[in-house]
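Predicted model only: the values in this text are computed from it and were never measured. Note on naming: letters A, B, ... go to the chains in the order of the sequence lines (proteins, then strands), and numbering restarts at 1 for each one.
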Amino acid sequence: MDFKKEFISELEKTIDGVISYDNLVKMIEKPKHDNLGDLAFPCFELAKHYRKSPIIIAEEIVQEMDVSTFERVESVGGYVNVFLNKEKVSQEVLTNILNEKNQYGYSGIAEGKTMTIDYSSPNIAKPFSMGHLRSTVIGNSLALIAEKQGYRVIRINHLGDWGTQFGKLIVAYQKWGNEKKVKESPISELLALYIKFHEEAEKDSTLNDQGREAFKRLENGEREAIQLWRWFRDESLKEFNKIYELLGIRFDSYHGEAFYNDKMDRVVDILAEKNLLIESEGATVVKLEGYPPCLIKKRDGTTLYATRDLAAAIYRQENYHFDQSLYVVGHEQSLHFKQLFAVLKKMDCDWQEGMAHIPFGMILKDGKKMSTRKGKIVLLEEVIQEAVQLAVKNIEGKNPNLLEKEEIAKQVGIGAIIFHDLKNYRLNDIEFSLEDMLTFEGETGPYVQYTHARATSLLRKGEFQPDSSTVVKLKDEEAWPVIKLLNQFPDSIAKALAEYDPSQIAKLLLELSKAFNKYYATVKILTDDQKQQRLTLVYTVKIVLKEGLRLLGMKAPTEM
RNA sequence: GUCCCAGUAGCUCAGCAGGAUAGAGCAACAGCCUUCUAAGCUGUGGGUCGGGAGUUCGAAUCUCUCCUGGGACGCCA
C-alpha cells in the first residue's frame, strides 16, 4: 500500500502547485525517529519560494491541510509530520497479505520479459571455493527476485571448462598423473597436479609453452586430449552437483566455454566483416575507445576468454531473446565486461544495452586474494560440514526432541552461510572468517529462521485459521513497527532488483524479525481477548519471513 | 603510471537520487525463563562518518584533491 499518495494529495491542495507531484514523491521521507511520525515533508524548498521561514510554512500547511484521514499531523522544526491512521493501515496491509499469501510482493512490471543470469560458473578441475559461493548465492537470489517481478529467467552455469589451463592440466597429468588416484578423489588430485604444474613452471618456463600447445591440440579436437578433458569435466561436474543439491540450486543450462568452441569462427568472421580486427604484436585485437584493446586471438591463433564470451552473448540473444542479461562475476573482471560490451556495441548489437555485469567483492584471506594456483583456498564443502555440525549441536542443546534433526540442521547451517553472504552490500570485500560465518545469534540467517519458527509455533498452538474478513484492531503499540515493515516488503523487493542487491531483502527481514521479537517479548499473544487479531499479525509475519527467505535461497523451518 | 572499488563505534556493517539528535549486530558490562521456543528480550558505555577544500539554508551522502587498503591493466579466466 502506498500511503504516501494520500499524504501528497492532501499536501498538494495547500501549496498551489509550487512543487510537482513527481517531486513531492521524491521529497516525502521517513522521519528518523519513530516518535516523529510515519511520513514527513521538509519545507526548506518552499522557504525559497515563499521567502518565509520553513518553520512557519510547516505550521501553515498543517493549519490548511485536511487531516481527517490521518491520526494526526504536526509541524516540527520545518517539517510536516504525519502519523498514519494505525487501524486503517493495519487493516489494509494485513488483509492484503492474507489475500495474496506468498504472492505478496509480486509486481508484474517485468511480465513478458526474459532475463538470462550467468552465475556460479566454477572452473572444472578446481575445487568449489568460497569465491564461487558468492556468485552462486547472489545469482540464485537475483534469479528468484527477478521471477518475483515477472521475468522469465534463464539460469546459466557458464562452466570454466575451456582454456589454456586445460592444456596445462593435460601436460601435468601426462607427466605426473596417476589414473587410480584421480578416480579416487578427482578434484583434489587434479588440483594437486595444477599446483605442481605452476611450481615446476617457475623452474622450467618451457612448461608454459607445452601447456599452450596442449590446449591447441584440444581446440583442434585431438582425440587423446579430448578424452582427458571430458573425463576431468565429468568428474568435476559430479562434485559440483553435490554442492548445488545442498544449496538447493538448479540451472537451465550448463553450457560452459567449451560449448562455444565451434561458434567462435563466426564471431571472428563478423568482426572481420565489420573491419574491426587489427593485427597487433602478432595477436588479433579489436581497438576500443577509452579502454585497452580487446584480444580476440592469440599469436598462435587460439582464442581467448573474450572471444568465447562474445560467442556466448550472441548465442544467448539468438536463443533466448533476452531483454536483460546479467553476469554475476567478481569485481576483478570489471574491465573485461566493459570491453565485452564495447565490442558488441561496435558490432551494432543494440541488444547489448540490456547486458550488465553484476560485480561483487572478493573473499580475502589475511587481507589478500585467495589463489588457486598456490593452493591458498578454502573449500566450501568443509565450511558447510562445520556449519551443519554446529547446528546439530545447537538443536541437541536447545530442542532435543525435535524430529528430523539432520534435515533442519542442514537448513539452518546452510542458511547461516547464505545469509552471511547476502546480508551485506555485494561489492564489499569479505575477510574470510569461519567464526563470523558460523554465528547463529544477532543479525544472522538462523535469527530470521528462528523468528519464523517461533511464529509458526504460535499459530500451531493457537490453532489459527486465517480469515480475510478478520477485523484487525490491534491496540498494541508494538504491533505498529511490525506492520510498517510488512508494508515495506514489496518496496524492498523492487529495490533489490533495481539495484541487483539481495541485501535489501535480507535487511528488511532482519528489521522485521527484530520488531516481531520485540512484539513477542512484550505482548502476550495466546490470550482470549485479541487472539484472532494478534495471530493474524503473526500469520502475516510468517508469510513474509518465509517468502523473503525463499527469495534469498533459504529454507524456513517450522521448528528448530 | 592509468583505471575500477572501498574507507562510518574496538570488530562486522546499515544509512548515501543532500535534510531533524549518525544507527544495528558482535564483543564488554548489568538485568529478564513457575507463562506463547532465551538461536530471544531490556539496559549501559563506546563516534574528528580517512584528511582537507568546495557547492548548499543544510553534506556521512554531491564535486575536487590528497592519504590508506584492495583489485584490474594483450596473448590466464
Side-chain angles (χ1 to χ4, degrees), chain A residues 26-27 29 31-33 36 40 42-45 47-48 53-54 76-79 81 121 123 160 162-165 168 208 211-212 257 280-285 290-300 302-306 308-309 329-336 338 359 361-362 364 367-369 372-373 391 394-395 397-399 402 412 416 420 423-425 427-431 433 435-436 439-451 453-462 503 507 510-511 513-514 517-518 520-527 534-535 538 559-560:
Chain A
K26 286 181 196 163
M27 286 170 75
E29 52 188 84
K32 279 216 163 133
H33 305 277
L36 291 169
C43 299
F44 307 96
E45 283 290 317
K48 273 183 228 163
S53 120
V76 180
Y79 287 85
N81 290 339
S121 311
N123 295 322
W162 208 242
T164 311
Q165 52 175 331
K168 292 177 179 174
N208 283 321
R212 277 190 282 271
E257 295 180 51
S280 172
E281 297 168 40
T284 309
V285 308
Y291 303 119
C294 180
L295 261 81
I296 301 297
K297 275 190 166 185
K298 289 186 271 193
R299 203 174 322 203
D300 64 5
T302 57
T303 61
L304 284 131
Y305 183 47
R308 293 189 281 277
D309 263 2
V329 179
H331 167 245
E332 68 266 32
Q333 289 189 38
S334 289
L335 179 60
H336 163 74
K338 283 180 184 159
M362 283 180 300
L364 307 174
K368 297 267 184 242
K369 187 180 174 179
T372 315
R373 284 189 238 188
N394 271 301
I395 289 170
K398 294 164 200 281
N399 198 354
L402 187 61
V412 172
H420 175 260
K423 76 172 168 180
N424 291 326
Y425 181 55
L427 272 169
N428 294 345
D429 286 344
I430 297 178
E431 172 67 29
S433 157
E435 202 189 324
D436 286 356
T439 303
F440 291 180
E441 286 163 24
E443 297 178 327
T444 65
Y447 173 74
V448 178
Q449 289 173 317
Y450 176 73
T451 310
R454 267 184 152 179
T456 311
S457 165
L458 283 171
L459 297 169
R460 192 171 46 238
K461 292 203 167 145
S503 79
K507 280 164 198 151
L510 283 173
E511 291 309 308
S513 298
K514 281 184 210 175
N517 279 318
K518 194 167 190 163
Y520 182 94
T522 42
V523 176
K524 184 86 179 140
I525 294 159
L526 295 178
T527 50
R534 285 175 176 158
L535 281 178
V538 174
E559 287 179 86
M560 61 188 270

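Under the ring pair (Phe, Tyr, Trp, His ring centres under 6.0 Å) criterion, A:Tyr305 pairs with A:His336, sequence neighbours left out. In this structure A:Thr444 satisfies the side chain to side chain contact (heavy atoms under 4.5 Å, CB included) test together with A:Thr439, A:Pro446, A:Tyr447, sequence neighbours excluded. Applying the side chain to side chain contact (heavy atoms under 4.5 Å, CB included) criterion to A:Ser53, with sequence neighbours excluded, gives A:Ile55, A:Ile56. Remark: A:Ser280 engages A:Val285 in a side chain to side chain contact (heavy atoms under 4.5 Å, CB included) (not counting sequence neighbours). In this structure A:Thr164 satisfies the side-chain hydrogen bond (donor to acceptor under 3.5 Å, both in side chains) test together with A:Lys298, sequence neighbours excluded.
Within the 4.0 angstrom heavy-atom criterion, no nucleotide atom of any strand lies near A:Gly77. Nucleic acid contact for A:His33: base, since at least one base atom lies under 4.0 Å from a heavy atom of the residue. Using a 4.0 Å heavy-atom criterion, one finds that A:Leu335 contacts the sugar-phosphate atoms exclusively. Counting non-hydrogen atoms under 4.0 angstrom, A:Thr439 reaches nothing in the nucleic acid. When heavy atoms are screened at a 4.0 angstrom cut-off, A:Leu304 is found touching the sugar-phosphate backbone but no base atom. Within 4.0 Å of A:Lys398, counting heavy atoms only, lies at least one base atom of the nucleic acid. Residue-level contact check: A:Pro54 touches neither bases nor backbone, having no heavy atom under 4.0 Å from any strand. Within the 4.0 angstrom heavy-atom criterion, no nucleotide atom of any strand lies near A:Ala47. Within the 4.0 angstrom heavy-atom criterion, no nucleotide atom of any strand lies near A:Asp436. Residue contacts for A:Asn81: at a heavy-atom cut-off of 4.0 Å it reaches a base atom on one of the strands shown.
In terms of position along RNA chain B, the nucleotide closest to A:Phe440 lies nearer the 5' end than the nucleotide closest to the other residue of the pair A:Phe440 and A:Thr164. Nearest-nucleotide positions on RNA chain B for A:Lys423 and A:Met362 put A:Lys423 closer to the 5' end.
For the P atom pair drawn from B:rC5 and B:rU65, the interatomic distance equals 14 Å after rounding to whole Å. Of the C1' atoms belonging to B:rC41 and B:rU56, the separation is 44 Å, rounded to the nearest Å. Between B:rG52 and B:rU48, the distance separating the two P atoms is 12 Å to the nearest Å. Rounded to whole Å, the separation between the C1' atoms of B:rA59 and B:rC64 comes to 15 Å. Across the C1' atoms, B:rU8 and B:rG15 are found 9 Å apart, a figure rounded to whole Å. With C1' as the reference atom, B:rG40 and B:rG7 are 34 Å apart, rounded to whole Å. Using atom P as the reference point in both B:rA24 and B:rA14, the two lie 16 Å apart (nearest Å). When the C1' atom is used for both B:rA39 and B:rG25, the distance is 14 Å, rounded to whole Å.
By the neighbour-count criterion of 12 heavy atoms within 6.0 Å, atom NZ of A:Lys297 is sparsely surrounded, having that number or fewer from other residues, nucleotides or ligands.
Evaluation of atom-type donor-acceptor distances gives no pair under 3.5 Å for the side chain of A:Asn517 against the base of B:rA39.
In this model, no donor atom of one side chain and acceptor atom of the other lie less than 3.5 Å apart for A:Thr302 and A:Arg212.
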Margin query: If a pair means Watson-Crick or G-U wobble with both distances below 3.5 Å, what does RNA chain B look like in dot-bracket form, with | marking bases paired to a different strand?
Written below: (((((((..((((.....[...)))).(((((.......))))).....(((((..]....))))))))))))....

